[in-house]
Amino acid sequence: MTRILVDGVEVDVPAEYTLLQACEEAGAEVPRFCFHERLSIAGNCRMCLVEVKGGPPKPQASCAVAVKDLRPGPDGAPPEVFTKTPMVKKAREGVMEFLLVNHPLDCPICDQGGECDLQDQALAFGGDSSRYAENKRAVEDKYIGPLVKTAMTRCIHCTRCVRFTAEIAGTSDMGAVGRGEDMEITTYLQTAMTSELQGNVTDLCPVGALLPKPQNFRARPWEYQKTETIDVQDALGSAIRVDARGREVIRILPRLNEAVNEEWISDKTRQVVDGLKAQRLDRPYIRENGRLRPASWQEALAAVAAKTKATKAEKIGALVGDLAALEEIFALKLLVEGLGSANLDARQDGTKLDPRFGRASYLFNATIAGVDEADSLLIVGSNPRKEAPVLNARIRKRWLKGHFPISVIGEQADLTYDYDYLGAGPDALARFVESAPTGSAKRLVLIGQGALARPDGRAILALAAQAAKKHGGLSDAWNGFSVLHTAASRVGALDLGFTPGQGGLDAADIAKAGALDLVFNLGADEIAIEPGAFVVYIGTHGDKGAHRADVILPGAAYTEKFGLYVNTEGRVQEALRATFPPGDAREDWAILRALSGALGAPLPFDSQKQLRAKLGEAHPHLLRLDQIGSASAADLEAVALQPATAWKDDFAPAITDFYLTNPIARASATMAECSALALDRLKQAAE
Amino acid sequence: MSVRRLAEEQPASFEFTPENKAWLEAQIAKYPDGRQASMVVPALWQAQKQNDYWLPQKAIEKVADTLGMPYIRVLEIATFYTMFNLEPVGKFYVQLCGTTPCMLRGSDELIAVLERRVGPQRHVSADGLFSWLEVECLGACCNAPMVQINDDYYEDLTAENFEKLLDDLAAGRPVKIGSQTGRVSSEPEGALTSLTSFYGDGAKAQAE
C-alpha cells in the first residue's frame, strides 16, 4: 500500500492503482470518457487530466499514471495529486473544447440526450461558450449490425467499443481505421458484429455515436419508469433494469451484479423487448370444433374444471416450461398432487438431472464468480457462448489472465478462447477420467445440457462427477462440479421437486400420444405434445404450446409479475413487475389459484404473500434472496459411484439457435433478424 | 491526408508468390510464438510490393490469415500508414513534397507539371505509367524541391529537369537518383561557403 495525497486528503492505496482510482478512493471526482474499469487503459480522451507533484510538471492523464510512478517528496512526504487547481480546470476546459470542436450540436435529436457523458461533463467541466466558428468534421454512418445504430459524426474516439469487442467479447469486430482527423470507428468493411454481447457497446459509448437501433427515437431517459429486476432468457439470472413508458417496456439495460453478470448482458436479454408485445395471449381461449375461440375466464375455468373432474388422477399430467417462476411451479405442483397425480415434469428437454441425487448434482457449484478462482476448465457437452454468453465472457476473462488450460468435449465451436479439443462424445469423457491427473487443484467441470439431455444422461452425469473427483474438481475447499442450465426455471423446479413422483411419467412420456387424457402445460413450448390429451396451456405467447392447447389461460411474462427465480448456481432472485400483463392476462399463480377454486379444492393461499409463506415452510432456502443455499458435495461422491456406461453418440448442442430459445424471443422481430444474420454467417463459413 | 478507403475495383484473389511465401515464413519464424502479429507491417509491405505497389482487400485478408489476426486489425494498420496504397498507382508513383521548404523552392511548379502531364492526384495516367500524390515533408529539405518516385528520391528539381526526368522514366532510359543538378548528396550549391580550410591536425597535414 502506498500513501498519496489527493487534494490534501491522504489515502492509502495499492501501488498499482492508477491516479484516477486513487482520486476516487479519496472522494475526488475525475471526469473521463475512455477509461473503463473493465477495459484496458487507452489514455486517449485526455479528459482525466490532473496536476501532480512528484511527477512531470504538466497535466497528467490520471487513468494512465500509476500511483507508484510518482516520486515522494525530498523528506519522504507522499506524492500529491490535485484535481481542483486552476491548472486542472484550464486543462479540462481545453480538452472539452477540443472534443466539442468536431462534435455536432444535435443533442435535441440525439437519443443519448439526458444520459450522455459528454453532455454532463461539458456542463460540469467545460467552458461556457464556443470559440469555434469553422466547419465541423462529418463522418459517414456505418452499418455494424441490427442491434446498434451509428451516428459516427458524434464519435469522440474513446475506443471503448473497440476494446470491448476485442477484450470482453473476444470477437474483435470493431476497429479504428484511418488516422488523425480521419479516424473512423467501424467494423471490417461494415459487416455486422458477430458477438452475442454486442449490445453492450451502446452502454459503453459515452456519447450518442452507438445507440440501440430497436429503441431508435422511442423515448427520453427521464420518461422511463425504471424497475430493477432479473433476466430469464438464460439460466444466469443477470441483473437488469427494465425501462417502461406507460404500459410498454421500451428497453432493458444491465445492472451491476459482480456475482453474476458484472455489468454485461447478452443481446437476447437486452433486445427481446419487442417479443413482449407481439403474439401475446391477452384473453382465454377454448378450442371448439378444432378452432380456438375467445372465451371469458369463467367459461375457460369451467371447461378445465369439467375436464379435470371427468379424468382419472393417473391420466392427469403437468409440464413446466423454461420461464416459469417458483410461485407458479409451486402452485401447479400443489394443484396436480392434490388431484392425486404423480405425472409432473419440468425437464422438457429431457435432461436426466434429478433432485433425488442431491442439490449439488444439478447446480453450478463453483458459482459464476468462482470461474475467476478456478485453475483449469473442462467443458462437457456445452457451448457456453450460446447457452450463457455472459458466463462465456467470464471464462474468457479468466483465460486472458493466463494459466488456465481449457479442454472441451462436445461441439467444437468458436468460444472466443483457445482450448484443447478432447473429443465429441462420452468416450472422450471416459478417456479423460482415466487419464493421469494434471495437478489442477481447482478444476471447473462445466456440464451442459447437451451432455445430459439424452437417454444416457445419468451415466454421463456420473462420468462427469468422476472427472471432477479425480481431476481436482472436488475437494474440501472447492466444488468445481458445475451444471450449466439453459432454462431460467429449471433449478427452481428441481428445488421444488417438480419431477415425476412414485410411478409418474416424465416429460417425454407425458407428451406421448395416448399416455394421458389431461395435461396442464405451464409455458412448456419446446416440447411437442402429441395428439390425444386435452391440453390446458398457461402461458404468455401464441407459440407451440398455445397452438396445441384446448384451453388457453393467458399468463404474465417475466416483466409483468413478481416472481422468484433460482439461477444455475442455485441463487434465489426476485423478478419485479415493470408493467401489467396485457388484456385479461393474469399472474400465473393467481390463475392456478382460481382454477383450484373452480375445481372445488382451493389451494391454501389467497395472496402471493401467503403463497410465499407456504413456499418458505416447505423450502426455507427458496425465500433467502440472493443466497445460494446449501448443496452437499457428498452427494456428488454418490453420483460418481453410479453406473457410468454411456453410449457412443456425440454430444448434440443444447441450443441450436441462440436468438430463438423461448416463446418471447421467437415473437421478437429483432431476434428473428439476428437469427437470420447468424444463419447467413454460418452458411458462408461452411462454403 | 483524407479518408482512406479500399479501392472500389478489387481483384478476386491474392496469393503470395512462392519466393515471397518463403520469405514470409522465414521472417515469421523470427518472432516468438503468439507474437506473429508484430510482423504485420513488413508482411503488408511485401504484399504491396508484389501487387504493383497497392494493397487489395484480399491481400489484407491474406496477411491477416497468415498472421492469425482479425481482419479489422490489419485494416486498421493498412489505413493508418500512408505508405500503404489502397488504390492502384502508376508504374512510377510520384510522391511530391509540398511542405514549406519545398514549396518555397518551387514545388508549385512541379505540381503544375504533374497536373499537366498526369492529371489530378490519386489518378493513374492513361498509359498506366504515372500517378502522383502530394505528401508532407520527406526530410530532404536542403535539396528542395524534391519528389520520391517509387523507392528513390529525386532532388533539386526544376520544372525543366523534372520534365526530363519524367520523360526519361517513361521512355525507360536510365535516370540519376538523388540531386538532378549534379551536386553530391546535400553539399552546398556552388562552392563551399564554410569549412573552406582545414583545422588542427588536418591543417598541418595539408601544409606538409
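Every chain is numbered from 1, with letters handed out A, B, ... down the list of sequences. Predicted model, so just to flag it, every value in this text is computed and none were measured.
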Task: Distance, nearest 0.5 Å, that separates CG of A:Asp182 from OG1 of B:Thr79 - done: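 OG1 of B:Thr79 is found 10.0 Å from CG of A:Asp182.
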
TODO: Specify the closest pair of heavy atoms between B:Ile72 and A:Thr186, including all atoms of both residues, with the distance to one decimal.
DONE: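 Minimum heavy-atom contact is CD1-O, 3.8 Å.
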
TODO: Return the minimal non-hydrogen interatomic distance between A:Gly175 and B:Glu76, and the atom names on each side.
DONE: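 What the structure gives for the nearest pair is CA-OE2, 2.9 Å.
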
Open item on the list: Can you tell me which portion of A:Thr187 sits under 4.5 Å from chain B's heavy atoms? Options are side chain, backbone, both or neither.
Closed with: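 For A:Thr187, the backbone is the part near chain B, not the side chain.
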
Task: Top of B:Arg5, B:Gln57, B:Met69 for chain A proximity - count of heavy-atom pairs under 4.5 angstrom - done: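 Top option by heavy-atom pairs under 4.5 Å: B:Arg5.
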
TODO: With the side chain counted from C-beta on, respond yes when B:Ile60 and A:Tyr188 share a heavy-atom pair under 4.5 Å apart, and no when they do not.
DONE: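 In contact.
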
Around atom [atom1] of [X], are there more than 12 heavy atoms of other residues, nucleotides or ligands at under 6.0 Å?
| X | atom1 | result |
| --- | --- | --- |
| A:Asn135 | CG | no |
| A:Glu37 | CD | yes |
| B:Lys164 | NZ | no |
| A:Lys397 | NZ | yes |

Open item on the list: Let's test your reading of the structure: which of A:Glu181, A:Met183, A:Met174 forms the most heavy-atom pairs below 4.5 Å with chain B?
Closed with: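 The residue among A:Glu181, A:Met183, A:Met174 with the greatest pair count is A:Met174.
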
Task: Audit row: B:Arg73, A:Val162, side-chain contact (heavy atoms from CB on, under 4.5 Å) steps and yes/no - done: CA-CA 10 Å; B:Arg73 292 282 97 80; A:Val162 177; 3.4 Å; yes

TODO: Look at the side chain of A:Arg179 and the backbone N and O of B:Phe80, then say whether any donor-acceptor pair between them is shorter than 3.5 Å.
DONE: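 Yes; judged by distance alone, with no hydrogens or angles, the pair exists.
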
